[in-house]
There are 2 protein chains.
Amino acid sequence: MKPSHIEHIGIAVKDLDNAIPYYEKLLGSDCYAVEEVKDQKVKTAFFKVGQTKIELLESTDPEGPVGKFIEKKGEGLHHIAFAVSNLGERLKEAAGHGIRLIDQQPRKGAEGLDIAFLHPKSTFGVLTELCEDKSK
Amino acid sequence: MKPSHIEHIGIAVKDLDNAIPYYEKLLGSDCYAVEEVKDQKVKTAFFKVGQTKIELLESTDPEGPVGKFIEKKGEGLHHIAFAVSNLGERLKEAAGHGIRLIDQQPRKGAEGLDIAFLHPKSTFGVLTELCEDKSK
């Protein structure tokens, strides 16, 4: 599928207000955006390191996907997102390789990107996102 | 601490032979190296995507750190490694920020890099590695 780079790494945290100062020290740069993604029931905070963003995810609802993740596994690395072009085609290609899709079609994610998730049951436990920035 | 980029993402898998073909399809590129890191009790396989490597980790001993991780949490995202310069100085800086260190001093990791881990108890659950490539 040849992604160009890792677009972002998603990290589940209990409380953005606690985690943001740590990441500002670790990365030596300021959090540049905080955004709520209502359909994912998360509030996100973004940092940049090289080509890749760090996306902190705080659940806004214990029944949402990140709330459930933290309850089961604790805070930590949540997903990895690869930048691709022609996302719709990439999803067909993934399905053709026998990879199970969470999203059959691209949908809108944070920062206006088109996104789709692959199911961790067919990606060796790694929740994997493909995303396309059509503004570029 | 201003890392330049994400050097690699470590992913725990049960069996490299099963996982490598999936990552070759996902990343559209071949695994370029397989290496055993005896003191970490793992066999590793490397891929490249943009600035960052994907490092698959298969445990060679159920009592090793990756064996225990898989037993507790299952396969999945294991650690994130940031590329820094002057690693020894960066560790002092981290300790000065109150971050708990697993390695007080740099040691040798895969691919000949100098590495050190920060403790997930002070990094919001994310096992975090800092690494320096002194050959560059």
Side-chain angles (χ1 to χ4, degrees), chain A residues 1-16 18-29 47-54 56 58 69-70 72-80 82-84 90 93-94 96-99 118 120-128 130, chain B residues 1-16 18-29 47-54 56 58 69-70 72-80 82-84 90 93-94 96-99 118 120-128 130:
Chain A
M1 286 180 247
K2 210 65 187 167
S4 58
H5 61 283
I6 298 176
E7 210 280 333
H8 66 267
I9 303 288
I11 298 175
V13 300
K14 288 182 185 164
D15 185 335
L16 284 184
N18 284 336
I20 287 173
Y22 164 72
Y23 278 94
E24 289 188 331
K25 281 178 217 147
L26 180 72
L27 303 176
S29 66
F47 302 80
K48 192 91 207 243
V49 52
Q51 291 174 321
T52 299
K53 296 162 193 159
I54 299 288
L56 303 183
E58 176 191 308
F69 176 91
I70 288 179
K72 193 172 162 195
K73 300 199 174 192
E75 292 181 299
L77 294 167
H78 180 264
H79 69 271
I80 183 168
F82 295 99
V84 299
R90 296 292 83 72
E93 194 183 335
H97 286 309
I99 298 169
L118 311 180
K121 287 226 166 136
S122 62
T123 59
F124 298 86
V126 176
L127 180 60
T128 300
L130 302 178
Chain B
M1 285 180 250
K2 207 72 189 162
S4 58
H5 61 284
I6 297 175
E7 211 282 332
H8 66 267
I9 303 288
I11 297 175
V13 300
K14 287 181 184 164
D15 185 336
L16 284 183
N18 285 336
I20 287 173
Y22 162 72
Y23 277 95
E24 289 187 332
K25 279 178 219 147
L26 179 72
L27 302 177
S29 66
F47 302 80
K48 192 91 206 245
V49 52
Q51 292 174 322
T52 299
K53 297 162 193 159
I54 300 288
L56 302 183
E58 176 191 309
F69 176 90
I70 288 179
K72 193 173 162 193
K73 301 198 174 193
E75 294 181 299
L77 294 167
H78 181 264
H79 69 272
I80 184 166
F82 295 98
V84 298
R90 296 291 83 72
E93 195 183 334
H97 286 309
I99 298 169
L118 310 181
K121 288 224 165 140
S122 61
T123 60
F124 298 86
V126 176
L127 180 60
T128 301
L130 302 178

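In what follows, chains carry the letters A, B, and so on, assigned in the order in which the sequence lines appear, proteins first and then strands, with residues in each chain numbered from 1.
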One option among B:L26, B:T52, B:I99, B:L130 has the most heavy-atom pairs under 4.5 Å with chain A, and it is B:L26
Interchain contact, B:F82 with chain A, by part (heavy-atom threshold 4.5 Å) | side chain
State whether the side chain of A:Q51 and the backbone N or O of B:Q51 hold a donor-acceptor pair below 3.5 Å, judged by distance alone.
-> yes
Heavy-atom pairs under 4.5 Å with chain A are the metric here; pick the option from B:D15, B:V49, B:T128, B:L127 that has the most.
-> B:V49
Identify which part of B:N18 has an atom lying under 4.5 Å from any heavy atom of chain A, answering side chain, backbone, both or neither.
-> both
Given the options B:I6, B:I11, B:T123, which has more heavy-atom pairs under 4.5 Å with chain A than any of the others?
-> B:T123
Greatest number of heavy atom pairs closer than 4.5 Å to chain A - which of B:V126, B:V84, B:L77 = B:L77
Report the residues that fulfil ring pair (Phe, Tyr, Trp, His ring centres under 6.0 Å) with A:H78, sequence neighbours left out, ordered by chain and then residue number.
-> A:F69
Under 4.5 Å between any side-chain heavy atoms of A:I80 and B:I54, yes or no?
-> yes
What residue in B:G98, B:G74, B:A94, B:A19 has the most heavy-atom pairs under 4.5 Å with chain A?
-> B:A19
Residues at least two apart in sequence or cross-chain that pass side chain to side chain contact (heavy atoms under 4.5 Å, CB included) with B:S29, listed by chain then number, are A:K2, B:L27
Who wins among A:H97, A:K48, A:K73 for the most heavy-atom pairs under 4.5 Å with chain B?
-> A:H97
Could you check which of A:E75, A:H5, A:E93 has the highest count of heavy-atom pairs closer than 4.5 Å to chain B?
-> A:E75
